[in-house]
**Student:** 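Please see the structure below; I have some questions.
Numbered from 1 within each chain, the chains take letters A, B, ... in sequence-line order. Quick note: numbers below take in every heavy atom, side chains included, and nothing from hydrogens, waters or symmetry partners.
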Amino acid sequence: MSKLQPVRGTHDLLPADQAIFAHVVETARAVAHTYGYREVATPIFEFTELFARGIGETTDVVSKEMYSFEDRGGESLTLRPELTAGICRAFVSNGLTNELPLKLFTAGAAFRYERPQKGRQRQFHQIDVEVLGAPEPECDVEVISVAADVLERLEILARCELRVNSLGDPESRAAYRKVLVDYYTAHRGRLSEDSIRRLDRNPMRILDSKDEGDRAVNAGAPSLADHLNAASTEFFDAVRRGLDASGIAYKVDRSLVRGLDYYTHTAFEFVTEHLGAQGTVIGGGRYDGLIEQIGGPPTAGIGWAGGIERLMMLANAPPPDDRPIAIVPLGEAAERQALKLAREMRAGGLAIELAYKGNMKRRLQRANKLQASHAVIMGDAELAKGVVALKNLDSGEQREVALDELVDELEVEAMASLSDLLGDVRD
RNA sequence: GCGGCCGUAGCUCAGUUGGUUAGAGCGCCAGAUUGUGAUUCUGGAUGCCGCCGGUUCAAGUCCGGUCGGCCGCCCCA
(Lines give C-alpha, C1' and ligand atoms only; values in the text may rest on other atoms or scores of the structure.)
Protein backbone atom coordinates (compact mmCIF):
# COMPACT_ATOMS: atom_id res chain seq x y z
CA MET A 1 0.00 0.00 0.00
CA SER A 2 1.39 3.34 -0.95
CA LYS A 3 2.11 5.96 1.66
CA LEU A 4 0.68 8.58 -0.65
CA GLN A 5 -2.58 9.28 1.11
CA PRO A 6 -5.40 11.66 0.36
CA VAL A 7 -6.20 14.26 3.01
CA ARG A 8 -8.27 12.80 5.82
CA GLY A 9 -11.96 12.88 5.06
CA THR A 10 -11.49 13.32 1.31
CA HIS A 11 -12.11 10.68 -1.31
CA ASP A 12 -11.37 10.03 -4.94
CA LEU A 13 -14.27 9.27 -7.22
CA LEU A 14 -13.11 6.55 -9.57
CA PRO A 15 -15.14 5.94 -12.73
CA ALA A 16 -17.68 3.59 -11.13
CA ASP A 17 -18.35 6.05 -8.26
CA GLN A 18 -18.32 9.07 -10.49
CA ALA A 19 -21.04 7.50 -12.62
CA ILE A 20 -23.34 7.31 -9.59
CA PHE A 21 -22.34 10.79 -8.45
CA ALA A 22 -23.21 12.22 -11.84
CA HIS A 23 -26.47 10.27 -11.86
CA VAL A 24 -27.55 11.88 -8.57
CA VAL A 25 -26.66 15.38 -9.71
CA GLU A 26 -28.23 14.96 -13.13
CA THR A 27 -31.41 13.58 -11.65
CA ALA A 28 -31.71 16.53 -9.26
CA ARG A 29 -30.94 19.00 -12.01
CA ALA A 30 -33.59 17.48 -14.26
CA VAL A 31 -36.23 17.55 -11.52
CA ALA A 32 -35.39 21.15 -10.56
CA HIS A 33 -35.75 22.05 -14.21
CA THR A 34 -39.30 20.69 -14.29
CA TYR A 35 -40.16 23.20 -11.55
CA GLY A 36 -38.54 26.09 -13.40
CA TYR A 37 -35.45 26.35 -11.23
CA ARG A 38 -32.34 27.71 -12.91
CA GLU A 39 -28.83 26.60 -12.17
CA VAL A 40 -26.22 28.86 -10.60
CA ALA A 41 -22.73 28.37 -9.21
CA THR A 42 -20.98 30.48 -6.63
CA PRO A 43 -17.35 30.42 -5.47
CA ILE A 44 -16.18 27.62 -3.27
CA PHE A 45 -14.78 30.08 -0.74
CA GLU A 46 -16.02 33.34 0.70
CA PHE A 47 -15.01 35.88 3.32
CA THR A 48 -15.19 34.19 6.71
CA GLU A 49 -17.43 37.01 7.88
CA LEU A 50 -20.23 35.86 5.59
CA PHE A 51 -20.59 32.47 7.27
CA ALA A 52 -20.01 33.80 10.77
CA ARG A 53 -22.84 36.29 10.42
CA GLY A 54 -25.14 34.17 8.33
CA ILE A 55 -24.94 30.77 9.99
CA GLY A 56 -24.39 32.05 13.52
CA GLU A 57 -21.23 32.43 15.61
CA THR A 58 -22.34 29.97 18.24
CA THR A 59 -23.27 27.11 15.92
CA ASP A 60 -20.94 24.13 15.76
CA VAL A 61 -20.49 24.65 12.05
CA VAL A 62 -18.98 28.09 12.59
CA SER A 63 -17.32 27.67 15.95
CA LYS A 64 -15.44 24.43 15.34
CA GLU A 65 -15.88 23.08 11.83
CA MET A 66 -14.81 25.75 9.37
CA TYR A 67 -11.78 25.50 7.10
CA SER A 68 -10.60 29.10 7.50
CA PHE A 69 -7.31 30.58 6.38
CA GLU A 70 -5.69 33.90 5.71
CA ASP A 71 -4.82 34.69 2.13
CA ARG A 72 -1.69 36.59 1.13
CA GLY A 73 -3.50 39.87 1.50
CA GLY A 74 -4.37 39.09 5.11
CA GLU A 75 -8.08 38.48 4.45
CA SER A 76 -9.75 35.71 6.41
CA LEU A 77 -11.37 33.33 3.93
CA THR A 78 -13.32 30.13 4.50
CA LEU A 79 -14.08 27.10 2.37
CA ARG A 80 -17.86 27.07 2.30
CA PRO A 81 -19.41 24.77 4.91
CA GLU A 82 -22.77 24.89 3.08
CA LEU A 83 -24.14 26.48 -0.06
CA THR A 84 -26.98 28.73 1.10
CA ALA A 85 -24.92 31.64 2.42
CA GLY A 86 -22.99 32.00 -0.82
CA ILE A 87 -26.18 32.05 -2.89
CA CYS A 88 -27.67 34.75 -0.67
CA ARG A 89 -24.47 36.75 -0.93
CA ALA A 90 -24.54 36.43 -4.71
CA PHE A 91 -28.12 37.66 -4.72
CA VAL A 92 -27.09 40.79 -2.82
CA SER A 93 -23.78 41.31 -4.65
CA ASN A 94 -25.46 41.21 -8.05
CA GLY A 95 -28.44 43.35 -7.07
CA LEU A 96 -31.02 40.82 -8.21
CA THR A 97 -33.77 42.41 -6.11
CA ASN A 98 -36.02 43.08 -9.06
CA GLU A 99 -35.85 39.53 -10.36
CA LEU A 100 -37.73 38.03 -7.44
CA PRO A 101 -38.80 35.42 -6.90
CA LEU A 102 -35.59 33.62 -7.83
CA LYS A 103 -35.79 29.84 -8.06
CA LEU A 104 -32.30 28.41 -8.03
CA PHE A 105 -30.55 25.05 -8.23
CA THR A 106 -26.88 24.47 -7.51
CA ALA A 107 -24.55 21.60 -6.71
CA GLY A 108 -21.02 21.41 -5.51
CA ALA A 109 -18.47 20.76 -2.79
CA ALA A 110 -18.66 21.93 0.82
CA PHE A 111 -16.13 21.51 3.60
CA ARG A 112 -16.34 20.90 7.31
CA TYR A 113 -13.55 19.95 9.67
CA GLU A 114 -15.14 16.94 11.38
CA ARG A 115 -14.22 13.42 12.35
CA PRO A 116 -15.03 11.30 9.29
CA GLN A 117 -17.64 8.56 9.58
CA LYS A 118 -19.99 6.75 7.29
CA GLY A 119 -21.85 9.45 5.39
CA ARG A 120 -19.63 12.17 6.77
CA GLN A 121 -16.55 13.52 5.07
CA ARG A 122 -14.49 16.67 5.33
CA GLN A 123 -15.03 17.44 1.69
CA PHE A 124 -18.55 16.47 0.75
CA HIS A 125 -20.98 17.47 -1.96
CA GLN A 126 -24.49 18.76 -1.98
CA ILE A 127 -27.32 19.30 -4.35
CA ASP A 128 -29.18 22.40 -3.32
CA VAL A 129 -32.37 24.26 -4.10
CA GLU A 130 -33.15 27.80 -2.95
CA VAL A 131 -36.04 30.17 -3.56
CA LEU A 132 -35.54 33.82 -2.70
CA GLY A 133 -38.30 36.39 -2.39
CA ALA A 134 -41.26 34.07 -1.92
CA PRO A 135 -42.70 34.44 1.60
CA GLU A 136 -45.82 32.35 0.92
CA PRO A 137 -46.36 28.88 2.43
CA GLU A 138 -47.14 27.56 -1.06
CA CYS A 139 -43.47 28.02 -1.77
CA ASP A 140 -42.52 25.83 1.19
CA VAL A 141 -44.73 23.14 -0.27
CA GLU A 142 -43.14 23.49 -3.69
CA VAL A 143 -39.60 23.33 -2.36
CA ILE A 144 -40.38 20.19 -0.34
CA SER A 145 -42.09 18.76 -3.40
CA VAL A 146 -38.90 19.19 -5.44
CA ALA A 147 -36.99 17.24 -2.80
CA ALA A 148 -39.59 14.46 -2.74
CA ASP A 149 -39.46 14.21 -6.53
CA VAL A 150 -35.68 13.96 -6.56
CA LEU A 151 -35.85 11.09 -4.06
CA GLU A 152 -38.64 9.48 -6.04
CA ARG A 153 -36.67 9.67 -9.28
CA LEU A 154 -33.66 8.16 -7.53
CA GLU A 155 -36.00 5.42 -6.29
CA ILE A 156 -35.20 6.01 -2.64
CA LEU A 157 -38.24 7.96 -1.44
CA ALA A 158 -39.80 4.77 -0.09
CA ARG A 159 -36.85 4.29 2.24
CA CYS A 160 -37.05 7.84 3.55
CA GLU A 161 -39.40 9.63 5.90
CA LEU A 162 -40.23 13.33 5.72
CA ARG A 163 -40.34 15.15 9.03
CA VAL A 164 -41.55 18.71 9.29
CA ASN A 165 -41.81 21.22 12.08
CA SER A 166 -42.40 24.93 12.52
CA LEU A 167 -39.91 27.02 14.42
CA GLY A 168 -42.28 29.97 14.18
CA ASP A 169 -41.56 33.53 13.25
CA PRO A 170 -38.87 35.43 15.19
CA GLU A 171 -41.42 36.71 17.69
CA SER A 172 -42.76 33.25 18.52
CA ARG A 173 -39.31 31.77 18.58
CA ALA A 174 -37.94 34.39 20.99
CA ALA A 175 -40.93 33.99 23.33
CA TYR A 176 -40.59 30.23 23.34
CA ARG A 177 -36.88 30.35 23.87
CA LYS A 178 -37.36 32.38 27.01
CA VAL A 179 -39.92 29.96 28.46
CA LEU A 180 -37.68 27.04 27.55
CA VAL A 181 -34.57 28.47 29.16
CA ASP A 182 -36.52 29.17 32.34
CA TYR A 183 -37.80 25.59 32.41
CA TYR A 184 -34.42 23.95 31.81
CA THR A 185 -32.66 26.26 34.23
CA ALA A 186 -35.06 25.09 36.91
CA HIS A 187 -34.13 21.46 36.10
CA ARG A 188 -30.49 22.12 35.40
CA GLY A 189 -29.30 19.51 37.87
CA ARG A 190 -30.96 16.71 35.93
CA LEU A 191 -29.52 17.67 32.52
CA SER A 192 -26.58 15.96 30.84
CA GLU A 193 -23.31 17.84 30.40
CA ASP A 194 -23.97 18.26 26.70
CA SER A 195 -27.36 19.77 27.40
CA ILE A 196 -26.06 22.20 30.02
CA ARG A 197 -23.75 23.50 27.31
CA ARG A 198 -26.67 23.65 24.89
CA LEU A 199 -28.62 25.67 27.42
CA ASP A 200 -26.80 28.91 26.60
CA ARG A 201 -26.01 28.17 22.99
CA ASN A 202 -29.06 26.57 21.49
CA PRO A 203 -31.60 25.49 24.13
CA MET A 204 -34.01 24.11 21.52
CA ARG A 205 -31.49 21.41 20.73
CA ILE A 206 -32.04 19.86 24.15
CA LEU A 207 -35.44 18.81 22.84
CA ASP A 208 -34.00 16.15 20.56
CA SER A 209 -31.28 14.94 22.94
CA LYS A 210 -30.64 11.20 22.95
CA ASP A 211 -29.66 11.19 26.62
CA GLU A 212 -32.16 9.33 28.82
CA GLY A 213 -32.02 11.82 31.68
CA ASP A 214 -32.63 14.67 29.25
CA ARG A 215 -35.58 12.81 27.79
CA ALA A 216 -37.17 12.58 31.19
CA VAL A 217 -36.78 16.34 31.61
CA ASN A 218 -38.09 16.89 28.08
CA ALA A 219 -41.29 15.05 28.89
CA GLY A 220 -42.39 18.02 30.99
CA ALA A 221 -40.90 20.74 28.81
CA PRO A 222 -43.15 23.44 27.33
CA SER A 223 -44.06 22.72 23.72
CA LEU A 224 -43.14 25.01 20.86
CA ALA A 225 -46.55 24.40 19.34
CA ASP A 226 -48.18 26.12 22.30
CA HIS A 227 -46.06 29.22 21.87
CA LEU A 228 -46.51 29.88 18.17
CA ASN A 229 -48.43 33.08 17.56
CA ALA A 230 -51.53 33.05 15.35
CA ALA A 231 -49.64 34.00 12.20
CA SER A 232 -47.05 31.26 12.69
CA THR A 233 -49.69 28.64 13.39
CA GLU A 234 -51.66 29.61 10.31
CA PHE A 235 -48.49 29.52 8.19
CA PHE A 236 -47.64 26.02 9.34
CA ASP A 237 -51.21 24.84 8.81
CA ALA A 238 -51.08 26.16 5.26
CA VAL A 239 -47.88 24.24 4.59
CA ARG A 240 -49.45 21.07 5.93
CA ARG A 241 -52.58 21.51 3.86
CA GLY A 242 -50.40 21.95 0.79
CA LEU A 243 -48.40 18.79 1.51
CA ASP A 244 -51.63 16.87 2.01
CA ALA A 245 -53.04 18.18 -1.25
CA SER A 246 -49.81 17.26 -3.06
CA GLY A 247 -49.98 13.72 -1.74
CA ILE A 248 -46.63 14.03 0.03
CA ALA A 249 -46.47 11.89 3.17
CA TYR A 250 -44.90 13.51 6.24
CA LYS A 251 -44.75 13.37 9.97
CA VAL A 252 -44.87 16.42 12.23
CA ASP A 253 -41.89 16.21 14.56
CA ARG A 254 -42.08 18.83 17.29
CA SER A 255 -38.53 18.12 18.37
CA LEU A 256 -37.06 18.77 14.92
CA VAL A 257 -34.67 21.65 15.39
CA ARG A 258 -31.96 22.45 12.94
CA GLY A 259 -28.46 23.53 13.82
CA LEU A 260 -28.13 26.68 11.80
CA ASP A 261 -29.41 29.88 13.37
CA TYR A 262 -31.09 31.25 10.30
CA TYR A 263 -34.15 29.01 10.16
CA THR A 264 -37.66 30.41 10.77
CA HIS A 265 -41.09 28.85 10.26
CA THR A 266 -40.76 25.61 8.32
CA ALA A 267 -37.94 23.17 9.05
CA PHE A 268 -37.86 19.76 7.41
CA GLU A 269 -35.69 16.71 6.88
CA PHE A 270 -35.87 13.58 4.82
CA VAL A 271 -34.34 10.88 7.01
CA THR A 272 -33.54 7.23 6.49
CA GLU A 273 -32.64 4.35 8.76
CA HIS A 274 -30.24 2.87 6.24
CA LEU A 275 -27.23 5.11 6.81
CA GLY A 276 -26.31 4.57 10.45
CA ALA A 277 -25.98 7.67 12.57
CA GLN A 278 -26.11 10.08 9.64
CA GLY A 279 -29.75 9.59 8.77
CA THR A 280 -30.47 12.96 7.21
CA VAL A 281 -30.43 12.75 3.45
CA ILE A 282 -31.98 16.10 2.66
CA GLY A 283 -32.50 18.94 5.13
CA GLY A 284 -33.73 22.47 4.87
CA GLY A 285 -36.15 25.13 5.88
CA ARG A 286 -37.20 28.72 5.66
CA TYR A 287 -34.72 31.50 6.42
CA ASP A 288 -36.57 34.78 6.06
CA GLY A 289 -34.07 36.75 8.13
CA LEU A 290 -30.83 35.53 6.61
CA ILE A 291 -30.37 37.95 3.75
CA GLU A 292 -30.96 40.94 5.98
CA GLN A 293 -28.61 39.42 8.53
CA ILE A 294 -25.71 39.34 6.04
CA GLY A 295 -26.36 42.94 5.00
CA GLY A 296 -28.90 42.71 2.19
CA PRO A 297 -32.47 43.95 1.85
CA PRO A 298 -35.10 42.04 3.87
CA THR A 299 -35.90 39.10 1.61
CA ALA A 300 -37.67 35.84 2.27
CA GLY A 301 -35.80 32.64 1.56
CA ILE A 302 -36.30 28.91 1.71
CA GLY A 303 -34.28 25.97 0.51
CA TRP A 304 -32.72 22.62 1.18
CA ALA A 305 -29.50 20.76 0.68
CA GLY A 306 -29.03 17.06 0.02
CA GLY A 307 -25.81 15.16 0.69
CA ILE A 308 -24.70 13.61 -2.58
CA GLU A 309 -22.52 10.98 -0.89
CA ARG A 310 -25.43 9.96 1.32
CA LEU A 311 -27.78 9.80 -1.65
CA MET A 312 -25.21 7.73 -3.55
CA MET A 313 -25.24 5.12 -0.80
CA LEU A 314 -28.97 4.65 -1.24
CA ALA A 315 -29.40 5.15 -4.97
CA ASN A 316 -29.48 2.34 -7.49
CA ALA A 317 -26.83 2.07 -10.13
CA PRO A 318 -27.42 4.51 -12.98
CA PRO A 319 -28.35 3.26 -16.43
CA PRO A 320 -25.23 1.86 -18.08
CA ASP A 321 -23.25 3.92 -20.54
CA ASP A 322 -23.51 3.12 -24.20
CA ARG A 323 -21.21 0.23 -24.92
CA PRO A 324 -18.33 1.07 -27.22
CA ILE A 325 -17.62 -0.49 -30.59
CA ALA A 326 -14.09 -1.76 -31.05
CA ILE A 327 -12.32 -1.26 -34.35
CA VAL A 328 -9.70 -3.93 -34.86
CA PRO A 329 -7.39 -3.15 -37.76
CA LEU A 330 -4.65 -5.55 -38.84
CA GLY A 331 -1.78 -4.25 -40.87
CA GLU A 332 -0.52 -0.78 -41.62
CA ALA A 333 -2.95 0.05 -44.39
CA ALA A 334 -5.87 -1.05 -42.27
CA GLU A 335 -4.63 0.95 -39.30
CA ARG A 336 -4.53 4.11 -41.38
CA GLN A 337 -8.03 3.44 -42.63
CA ALA A 338 -9.19 2.70 -39.09
CA LEU A 339 -8.08 6.09 -37.79
CA LYS A 340 -10.27 7.79 -40.35
CA LEU A 341 -13.21 5.47 -39.80
CA ALA A 342 -13.01 5.94 -36.02
CA ARG A 343 -13.17 9.71 -36.34
CA GLU A 344 -16.16 9.53 -38.66
CA MET A 345 -18.04 7.18 -36.39
CA ARG A 346 -17.30 9.26 -33.29
CA ALA A 347 -18.52 12.34 -35.10
CA GLY A 348 -21.77 10.43 -35.49
CA GLY A 349 -21.97 10.03 -31.73
CA LEU A 350 -20.74 6.45 -31.42
CA ALA A 351 -18.26 5.39 -28.73
CA ILE A 352 -15.30 3.88 -30.54
CA GLU A 353 -12.31 2.04 -29.11
CA LEU A 354 -9.44 1.65 -31.47
CA ALA A 355 -7.61 -1.58 -30.68
CA TYR A 356 -4.13 -0.89 -32.04
CA LYS A 357 -1.88 -2.98 -29.85
CA GLY A 358 -0.85 -6.61 -29.95
CA ASN A 359 -1.94 -9.43 -32.17
CA MET A 360 -5.55 -10.04 -33.06
CA LYS A 361 -6.15 -12.06 -29.97
CA ARG A 362 -4.92 -9.25 -27.74
CA ARG A 363 -7.03 -6.76 -29.58
CA LEU A 364 -10.17 -8.76 -29.16
CA GLN A 365 -9.38 -9.40 -25.53
CA ARG A 366 -9.12 -5.70 -25.02
CA ALA A 367 -12.40 -5.11 -26.84
CA ASN A 368 -14.03 -7.65 -24.61
CA LYS A 369 -12.66 -6.13 -21.44
CA LEU A 370 -14.02 -2.75 -22.47
CA GLN A 371 -17.42 -4.41 -22.86
CA ALA A 372 -17.59 -3.52 -26.51
CA SER A 373 -20.79 -4.69 -28.15
CA HIS A 374 -19.18 -5.29 -31.51
CA ALA A 375 -15.78 -5.59 -33.09
CA VAL A 376 -15.18 -4.17 -36.52
CA ILE A 377 -12.36 -6.27 -37.92
CA MET A 378 -10.51 -4.89 -40.92
CA GLY A 379 -7.49 -6.55 -42.48
CA ASP A 380 -5.98 -6.71 -45.92
CA ALA A 381 -8.52 -9.25 -47.15
CA GLU A 382 -11.44 -7.03 -46.13
CA LEU A 383 -9.84 -3.83 -47.39
CA ALA A 384 -9.39 -5.33 -50.80
CA LYS A 385 -13.10 -6.07 -50.99
CA GLY A 386 -14.25 -2.78 -49.45
CA VAL A 387 -15.85 -4.60 -46.54
CA VAL A 388 -15.26 -5.15 -42.83
CA ALA A 389 -15.99 -8.14 -40.65
CA LEU A 390 -18.62 -7.15 -38.11
CA LYS A 391 -18.56 -9.39 -35.08
CA ASN A 392 -21.23 -9.33 -32.41
CA LEU A 393 -19.25 -9.91 -29.22
CA ASP A 394 -22.25 -11.16 -27.27
CA SER A 395 -23.44 -13.80 -29.72
CA GLY A 396 -20.12 -14.43 -31.45
CA GLU A 397 -21.78 -14.09 -34.83
CA GLN A 398 -19.66 -12.54 -37.52
CA ARG A 399 -20.55 -11.38 -41.00
CA GLU A 400 -19.15 -9.28 -43.76
CA VAL A 401 -20.56 -5.80 -44.17
CA ALA A 402 -19.77 -3.24 -46.83
CA LEU A 403 -17.76 -0.38 -45.36
CA ASP A 404 -20.28 2.25 -46.39
CA GLU A 405 -23.16 0.32 -44.82
CA LEU A 406 -21.41 -0.23 -41.51
CA VAL A 407 -23.20 2.48 -39.54
CA ASP A 408 -26.62 1.37 -40.78
CA GLU A 409 -25.84 -2.24 -39.90
CA LEU A 410 -24.78 -1.24 -36.39
CA GLU A 411 -28.09 0.52 -35.93
CA VAL A 412 -29.95 -2.62 -36.94
CA GLU A 413 -27.91 -4.62 -34.42
CA ALA A 414 -28.55 -2.05 -31.70
CA MET A 415 -32.29 -2.23 -32.24
CA ALA A 416 -32.19 -6.01 -32.08
CA SER A 417 -30.24 -6.11 -28.81
CA LEU A 418 -32.48 -3.44 -27.32
CA SER A 419 -35.58 -5.58 -27.82
CA ASP A 420 -33.72 -8.55 -26.33
CA LEU A 421 -32.85 -6.47 -23.28
CA LEU A 422 -36.40 -5.32 -22.74
CA GLY A 423 -37.35 -8.95 -22.59
CA ASP A 424 -35.13 -10.04 -19.74
CA VAL A 425 -33.56 -7.16 -17.85
CA ARG A 426 -36.69 -6.01 -16.02
CA ASP A 427 -36.01 -5.98 -12.27
C1' G B 1 -13.28 17.60 20.38
C1' C B 2 -14.54 12.55 23.21
C1' G B 3 -15.04 6.90 23.37
C1' G B 4 -14.60 1.80 21.04
C1' C B 5 -12.83 -1.63 17.01
C1' C B 6 -9.32 -2.25 13.08
C1' G B 7 -4.62 -1.66 9.41
C1' U B 8 -0.87 -8.42 5.70
C1' A B 9 -0.24 -8.37 -2.67
C1' G B 10 -4.54 -4.00 -7.00
C1' C B 11 -9.22 -6.44 -4.24
C1' U B 12 -11.27 -10.09 -0.37
C1' C B 13 -8.75 -12.42 3.33
C1' A B 14 -5.41 -16.70 5.90
C1' G B 15 -0.98 -16.54 8.79
C1' U B 16 -0.67 -21.82 14.67
C1' U B 17 1.96 -20.67 21.92
C1' G B 18 6.96 -14.63 18.83
C1' G B 19 11.29 -19.00 15.32
C1' U B 20 14.46 -19.76 8.73
C1' U B 21 13.13 -17.63 1.81
C1' A B 22 5.00 -14.39 4.22
C1' G B 23 0.30 -17.59 1.74
C1' A B 24 -4.77 -18.45 -0.92
C1' G B 25 -8.76 -16.86 -4.16
C1' C B 26 -9.96 -13.03 -7.57
C1' G B 27 -7.58 -9.71 -10.74
C1' C B 28 -3.04 -8.66 -13.65
C1' C B 29 0.98 -10.35 -17.22
C1' A B 30 2.80 -14.30 -20.55
C1' G B 31 2.12 -18.96 -23.27
C1' A B 32 -1.15 -23.45 -25.35
C1' U B 33 -1.63 -22.63 -34.60
C1' U B 34 2.05 -15.33 -35.61
C1' G B 35 -6.57 -13.47 -38.45
C1' U B 36 -10.86 -14.30 -33.66
C1' G B 37 -12.53 -12.48 -27.42
C1' A B 38 -15.60 -13.77 -23.06
C1' U B 39 -15.29 -20.63 -21.18
C1' U B 40 -10.59 -24.21 -20.38
C1' C B 41 -5.25 -25.46 -19.42
C1' U B 42 -0.04 -24.03 -18.10
C1' G B 43 3.46 -20.63 -16.24
C1' G B 44 4.79 -15.73 -13.98
C1' A B 45 5.13 -11.10 -11.24
C1' U B 46 3.58 -8.92 -7.31
C1' G B 47 4.12 -7.10 -0.53
C1' C B 48 9.10 -1.22 3.44
C1' C B 49 2.96 -7.20 7.05
C1' G B 50 0.38 1.46 7.45
C1' C B 51 4.61 4.37 9.73
C1' C B 52 8.17 5.34 13.96
C1' G B 53 10.19 3.55 18.30
C1' G B 54 10.59 -0.23 22.33
C1' U B 55 10.96 -5.46 24.48
C1' U B 56 13.64 -9.97 22.69
C1' C B 57 18.96 -14.13 20.51
C1' A B 58 14.58 -13.55 17.18
C1' A B 59 8.53 -9.31 15.96
C1' G B 60 3.56 -9.72 10.57
C1' U B 61 2.74 -11.82 15.62
C1' C B 62 4.03 -8.48 22.23
C1' C B 63 4.20 -2.95 24.10
C1' G B 64 4.00 2.52 23.19
C1' G B 65 3.29 6.45 19.87
C1' U B 66 1.67 8.18 15.17
C1' C B 67 -1.13 8.23 10.53
C1' G B 68 -5.39 6.21 8.26
C1' G B 69 -10.19 3.50 8.11
C1' C B 70 -14.75 1.89 10.45
C1' C B 71 -18.57 2.50 14.50
C1' G B 72 -20.77 5.63 18.25
C1' C B 73 -21.16 10.72 20.87
C1' C B 74 -21.33 15.97 19.59
C1' C B 75 -23.19 18.10 15.12
C1' C B 76 -24.83 17.85 10.28
C1' A B 77 -25.84 16.75 4.16
**Student:** Using the C1' atom as the point on both nucleotides, what is the distance between B:rA58 and B:rU20, in whole Å?
**Tutor:** 10 Å
**Student:** Looking for any heavy atom pair under 4.0 Å, which part of the strands does A:Q398 touch: base, sugar-phosphate only, or nothing?
**Tutor:** base
**Student:** Can you tell me how far C1' in B:rU12 sits from the matching atom in B:rU55, rounded to whole Å?
**Tutor:** 34 Å
**Student:** Using a distance-only criterion (donor-acceptor N/O pair, under 3.5 Å, no hydrogens), is the base of B:rU36 paired with the side chain of A:K361?
**Tutor:** no
**Student:** Tell me whether the OP1 or OP2 atom of B:rC75 has a side-chain N or O from A:R198 closer than 4.0 Å.
**Tutor:** yes
**Student:** If you compare every side-chain N and O of A:R362 against the phosphate oxygens of B:rA30 (OP1, OP2), does one of them come in below 4.0 Å?
**Tutor:** yes
**Student:** Scan A:D380 against the nucleic acid and name what it touches under 4.0 Å (heavy atoms): base, sugar-phosphate only, or nothing.
**Tutor:** base
**Student:** Would you measure the distance from the C1' atom in B:rU8 across to the matching atom in B:rG50 and give it in whole Å?
**Tutor:** 10 Å
**Student:** Using a cut-off of strictly less than 4.0 Å, decide whether A:Q5 has a side-chain nitrogen or oxygen near OP1 or OP2 of B:rG50.
**Tutor:** no
**Student:** Assign each of A:R112 and A:Q117 to its nearest nucleotide of RNA chain B by heavy atoms, then name whichever residue's nucleotide is nearer the 5' end.
**Tutor:** A:Q117
**Student:** Please state the P separation for the pair B:rU16 and B:rC73 - nearest whole angstrom.
**Tutor:** 35 Å
**Student:** Are A:S232 and A:S172 linked by a side-chain donor-acceptor pair shorter than 3.5 Å?
**Tutor:** yes
**Student:** By the 4.0 Å heavy-atom rule, please label A:R363 as base, sugar-phosphate, or nothing.
**Tutor:** nothing
**Student:** If each of A:K369 and A:L330 is mapped to the nucleotide of RNA chain B with the nearest heavy atom, which maps nearer the 5' terminus, i.e. the 5' end?
**Tutor:** A:K369
**Student:** With respect to the phosphate group of B:rG68, does any side-chain polar atom (N or O) of A:R8 fall under 4.0 Å of OP1 or OP2?
**Tutor:** yes
**Student:** Contact class for A:K118 vs. all strands (heavy atom < 4.0 Å): base, sugar-phosphate, or nothing?
**Tutor:** sugar-phosphate
**Student:** Is a donor on one side and an acceptor on the other found under 3.5 Å between the side chain of A:T266 and the backbone of A:G285?
**Tutor:** no
**Student:** If you take atom types as modelled and just measure distance, does the side chain of A:R120 reach the base of B:rC75 with a donor-acceptor pair under 3.5 Å?
**Tutor:** yes
**Student:** Would you tell me whether A:S209 and A:D214 have side-chain atoms, one donor and one acceptor, within less than 3.5 Å of each other?
**Tutor:** yes
**Student:** How far, in whole Å, is B:rC26 from B:rA22 if one measures between their P atoms?
**Tutor:** 22 Å
**Student:** Pick base, sugar-phosphate or nothing for A:Q123, based on heavy-atom distances below 4.0 Å to the nucleic acid.
**Tutor:** nothing
**Student:** If we take the P atom in both B:rA14 and B:rC62, what is their distance in whole Å?
**Tutor:** 14 Å
**Student:** Report yes or no: is the cationic atom of A:R122 (NZ for Lys, CZ for Arg) closer than 6.0 Å to the six-membered ring centre of A:F111, at no more than 45° off its axis?
**Tutor:** no
**Student:** So, does the side chain of A:E382 form a donor-acceptor pair with the base of B:rG35 at under 3.5 Å?
**Tutor:** yes
**Student:** Measuring only the C1' atom in each nucleotide, how far is B:rC57 from B:rC52? A whole number of Å is fine.
**Tutor:** 23 Å
**Student:** Could you tell me whether the phosphate oxygens of B:rG4, OP1 or OP2, come under 4.0 Å of any side-chain nitrogen or oxygen in A:R115?
**Tutor:** no
**Student:** Assign A:A381 to base, sugar-phosphate, or nothing according to its heavy-atom contacts below 4.0 angstrom with the strands shown.
**Tutor:** base
**Student:** State whether A:R120 and A:E65 are salt-bridged, where the test is any N-O pair (Lys NZ or Arg NE/NH1/NH2 against Asp/Glu carboxylate O) under 4.0 Å.
**Tutor:** no
**Student:** Heavy atoms under 4.0 Å, any strand shown: does A:G279 hit a base, just sugar-phosphate, or nothing?
**Tutor:** nothing
**Student:** With a 4.0 Å cut-off on N to O distance, would you call A:E161 and A:R163 a salt bridge?
**Tutor:** yes
**Student:** C1' atom, B:rG4 versus B:rG43: distance in rounded Å?
**Tutor:** 47 Å
**Student:** Would you indicate what A:N359 reaches in the nucleic acid, counting non-hydrogen atoms under 4.0 angstrom: base, sugar-phosphate, or nothing?
**Tutor:** nothing
